[in-house]
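To keep things clear, I will list the structure first and then write my remarks on it.
The structure displayed is predicted, hence computed values, not measured ones. Computed over heavy atoms, backbone and side chain alike; hydrogens, waters and symmetry mates excluded.
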Amino acid sequence: MQEFFELFTYDFFQKAFLSALLASISCGIVGTYIVSRRIVFISGGITHSSFGGIGIAFFLGLNPLFGAVVFAVIAALGIQFFTQRGDVREDSSIAIWWSLGMALGVIFTFITPGYTPNLMSYLFGNILTVSSSEIWMMTVLDVVVVAFFGLFYKTILYIAFDEEFARAAQIPVSLFNYLLIVIIALTVVFNIRVVGIILILSLLTLPQATANLFTKNFKVLILLSTIIAFFGTISGLFISYFADIPSGATIIFTLVIIFGVTRIIRFFR
Amino acid sequence: MKPVIEIINASFAYDKVVVLENVNLQVFEKDFIGIIGPNGGGKTTLLKGILGLLKPVKGSVSYPGKIYSTHKPFGYLPQVKHIDKKFPITVIDVVRSGAVMKRNLFHGRNEEKEKALQLLNEMGVADIQNKAIGELSGGQMQRVFLCRALISEPEVLILDEPDTFVDNRFEGELYEKLKILNERVAIILVSHDLGTISTYVKTIACINREFHYHRSNKISTEQLKAYNCPIQIITHGEVPHTVLKYHD
């Protein structure tokens, strides 16, 4: 127990704790939108395409997260644009951005001279090495996400539920679709350090799947998902620290276990 | 009297392929128009045109009654197959979402909520207000979506194939309800099955790539044949052509 509380005196652990909290808020909110609207696959495409940005940033000696943001936003707008136009089938369009990003990422990290530091922490995350500046970015993201969903809660809910009806009521549906897809891109990228590109999708869907077992109310789903995400992330963080195993994978594994156990309990009750 | 909705010589197209030509339609107060036609005949296209979701490539669709800059004059009940039944939304929120058709209609959220509850009450489903949309039966869902269409106090109620997803018991109830509603709103009802609607509608339009509408309450089998409307749908069941004559 002594060791447990001592952890909180370490700077790296305080930052890890804080980033778990910040990630839970943005992922809880944005993930609820993603799951409700059934755009998990789109979000996966955006996430993986951001690896291209990371690779190019490595090569050019820039901040990898900066490259990831640029790439993710371009991919997000690209997927939304082609889907809206209807030229390319949505799932094909997603696959193209998905693989393009991964391919560019691999090529550019390969041709980057010397060792590419932190490559693994971008792919699989490492919550214990999150920097102060990254915490600030996550804080700004949370403020933006909370403000946007707070101000336009009803509009977002109505568009997600019945887009055609919203269009008929002259709600600027296309504009909101673009804004929301950019918010998804930003959420994915700024939380990459917590669980990594490969696993971030789970942080946006697993807490929601668990929360969905208890509620079918959009607002309650957001709150419950945030709490479950936070609980899972923190538990995973402790387990990974004491068992000395990778944090990102442990966090996701914990969230899966939480979902599984909850599902079984709900089944018998 | 000005029509609530007026369509003049409108043609509609997808990707430059014209699917519906020279549509002329005026919808007046207290009209009850049944639009029939086979699947793929253009019913959905026409509805999209009326709702403003699809701009005509030729001609015009307008709402001449008032200036509808901030709101639309219609309430809309879509086909329920287009609704994601697993979506995490409660009944009361679904009904309230209909208020977006008319901005500034309600002064504050409480008024909107009260109106939603009052409508649910009228439909006899006030007790399900906090249920999720996926927990409802077909009939309950229909009522909820009817409430959503009515909360904006529309001048025209547009129903897309409302007979496809209700239990038989509620179907009759729904049409009786529409008959009462028709005393204050015009109704456009789209269906591929004339049998059920023929005893309730006042006028009938036929759509099968072309649009035929005469403001009469009688239409003969011969006419429908001439308009290329599939005849089997009106000759089966208990619906001989005489049923389409006006009734009180």
Side-chain angles (χ1 to χ4, degrees), chain A residues 28-40 84-89 149-177 205 207-226 228, chain B residues 14-15 44 47-55 63 68-80 82-103 105 109 112 128-136 144-145 148-149 151-152 154 156 158 160:
Chain A
I29 298 171
V30 176
T32 300
Y33 171 75
I34 290 172
V35 169
S36 303
R37 200 152 189 204
R38 297 176 192 256
I39 51 173
V40 174
Q84 205 125 1
R85 284 261 312 254
D87 296 348
V88 186
R89 286 164 176 241
F149 275 76
L151 282 173
F152 302 110
Y153 173 75
K154 288 203 150 185
T155 310
I156 294 167
L157 175 65
Y158 298 162
I159 291 175
F161 175 59
D162 190 346
E163 189 173 316
E164 192 184 64
F165 193 86
R167 276 186 200 279
Q170 288 188 309
I171 289 175
V173 173
S174 298
L175 174 67
F176 271 93
N177 280 343
T205 49
Q208 283 73 15
T210 312
N212 207 204
L213 296 170
F214 298 98
T215 182
K216 304 282 187 297
N217 181 321
F218 197 80
K219 208 177 266 176
V220 183
L221 197 57
I222 287 178
L223 285 173
L224 210 53
S225 305
T226 305
I228 293 168
Chain B
Y14 294 109
D15 292 328
T44 310
L47 276 190
K48 281 188 175 175
I50 294 173
L51 292 169
L53 296 170
L54 187 66
K55 297 264 169 288
Y63 317 108
Y68 293 105
S69 56
T70 54
H71 63 264
K72 298 278 189 173
F74 43 72
Y76 173 49
L77 192 133
Q79 288 184 40
V80 157
H82 296 310
I83 299 294
D84 179 358
K85 280 149 205 95
K86 293 227 164 156
F87 195 94
I89 190 167
T90 53
V91 164
I92 186 86
D93 279 344
V94 172
V95 178
R96 290 177 65 171
S97 76
V100 293
M101 282 290 180
K102 256 180 206 171
R103 266 161 268 171
L105 177 65
R109 290 159 161 252
E112 182 190 292
I128 59 164
Q129 56 158 310
N130 290 319
K131 277 200 175 179
I133 195 76
E135 297 170 313
L136 309 184
V144 170
F145 282 97
R148 178 178 77 162
I151 195 171
S152 59
V156 189
I158 298 167
D160 191 359

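- Here the straight-line distance linking atom CG of A:Asn217 with atom CD1 of B:Ile92 works out to 11.5 Å at 0.5 Å rounding.
- Closest of all the heavy-atom pairs between B:Leu53 and A:Ala168 is CD2-N, 3.5 Å.
- Top candidate by heavy-atom pairs under 4.5 Å with chain A, chosen from B:Leu51, B:Thr90, B:Asp84, is B:Asp84.
- Looking only at side-chain heavy atoms (C-beta outward), A:Glu164 and B:Tyr76 come within less than 4.5 Å of each other.
- Heavy atoms of A:Phe218 lying under 4.5 Å from chain B belong to its backbone as well as its side chain.
- Residue B:Lys48 touches chain A through its side chain alone, counting heavy-atom pairs closer than 4.5 Å.
- With rounding to the nearest 0.5 angstrom, the CG atom of A:Asp162 is 4.5 Å from the CZ atom of B:Arg148.
- Of the charged side-chain nitrogens involved, none lies within less than 4.0 Å of a carboxylate oxygen, so that A:Lys154 and B:Asp93 do not count as a salt-bridged pair.
- B:Met101 places a side-chain heavy atom less than 4.5 Å from the side chain of A:Phe165.
- Note on B:Lys131, B:Arg96, B:Glu135, B:Lys86: by heavy-atom pairs under 4.5 Å with chain A, the leading option is B:Arg96.
- Atom OG of B:Ser97 is separated from atom CD1 of A:Ile171 by 8.5 Å, given to the nearest 0.5 angstrom.
- Inter-residue side-chain proximity for A:Phe161 and B:Ile83 is flagged as met; some heavy-atom pair is nearer than 4.5 Å.
- If you measure heavy-atom distances from A:Ala160 to chain B, the contacts under 4.5 Å come from both the backbone and the side chain.
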